[in-house]
Amino acid sequence: MIAHRLSDEGRMAEGHRVLGEWLDGRHGAGSDWVHIQFHMAVFELALGDWGGAYARFLEHILPAVVNSDDALTDAPALLWRLRLYAPRPIELPWQLLRRRALARMRRPSDPYVELHNLLALAGAGDLESLDSWMRAQPICNDPCRECLLRRAAVALRAYAMRTYRQAAEILESLLPQLPQIGGSREQNALFEEIARSSRRQLDPAAVPWKAAA
């Protein structure tokens, strides 16, 4: 998919133009459509159009959260980005994502889907559900996907608790191994952004993340 390639190469302005031209006049539904909208919103955020990205989330991605499992990964990943780069404090619809994640967690999931369920819980500040999930997981130090998932949950819980140093340190150690859980480079870049946000909370003078144009 060209959007993946242009994102991976840091060609965000070109990606915005190419994908925008393709989307012009088109309509769609389902998980593929949601994923395309996710990429377009990431391009918009990279170019500083937070409002456009949020409007796209509300129009194309949030309805899929309410009515289906078509946005299990794209919705939490995009809403986290919108949270991290919001130009002002704003209430985001985390509870809808939280409800979908909790419903999905009652059934077996691929570790990558489970990671995004955890993102939804952390974004909603649902520490009780995060703790319940972690109590049910084995404690281990092996670099298997399940253990990486547990470490990610600890980091996300730390961020939700504003324990930013712990969140940053865990995420920074986790980043090289994160592809083992799954997902594209662009999708996994979110966790680097959360780590950088954690560092900025500790040092407001730190240079903020910005995608290449």
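Cation-pi geometry between Arg98 and Trp94 is not satisfied (NZ or CZ under 6.0 Å from the ring centre, within 45° of the ring normal). Arg26 forms a cation-pi arrangement with Trp22, by the criterion of a distance under 6.0 Å to the ring centre and an angle within 45° of the ring axis.
Evaluation of the ring pair (Phe, Tyr, Trp, His ring centres under 6.0 Å) rule for Phe38 yields His35 as partners, not counting sequence neighbours. Annotation: side-chain hydrogen bond (donor to acceptor under 3.5 Å, both in side chains) contacts of Ser184 (sequence neighbours excluded): Gln187.
Judged purely by distance below 3.5 Å, without hydrogens or angles, the side chains of Ser197 and Tyr164 never pair a donor atom with an acceptor atom. Counted by atom type alone, Gln201 and Arg165 present zero donor-acceptor pairs between their side chains at under 3.5 Å. Checked by atom type, the side-chain pair Arg151/Ser173 shows a donor-acceptor distance below 3.5 Å. Counting only N and O atoms by type, the side chains of Glu193 and Trp80 include no donor and acceptor under 3.5 Å apart.
Screening Thr73, Leu97, Ile194 against Leu119 for a side chain to side chain contact (heavy atoms under 4.5 Å, CB included) leaves a single residue, Ile194.
With rounding to the nearest 0.5 Å, the separation of CD1 in Ile181 from CG in Leu148 is 5.0 Å. Note that CD of Glu21 and NE2 of His16 are 10.5 Å apart. Values are rounded to the nearest 0.5 Å.
Listed by first then second residue, pairs satisfying side-chain hydrogen bond (donor to acceptor under 3.5 Å, both in side chains) with a partner in residues 43-67 read Trp33-His60, Gln37-Arg56, Glu44-Arg56, not counting sequence neighbours.
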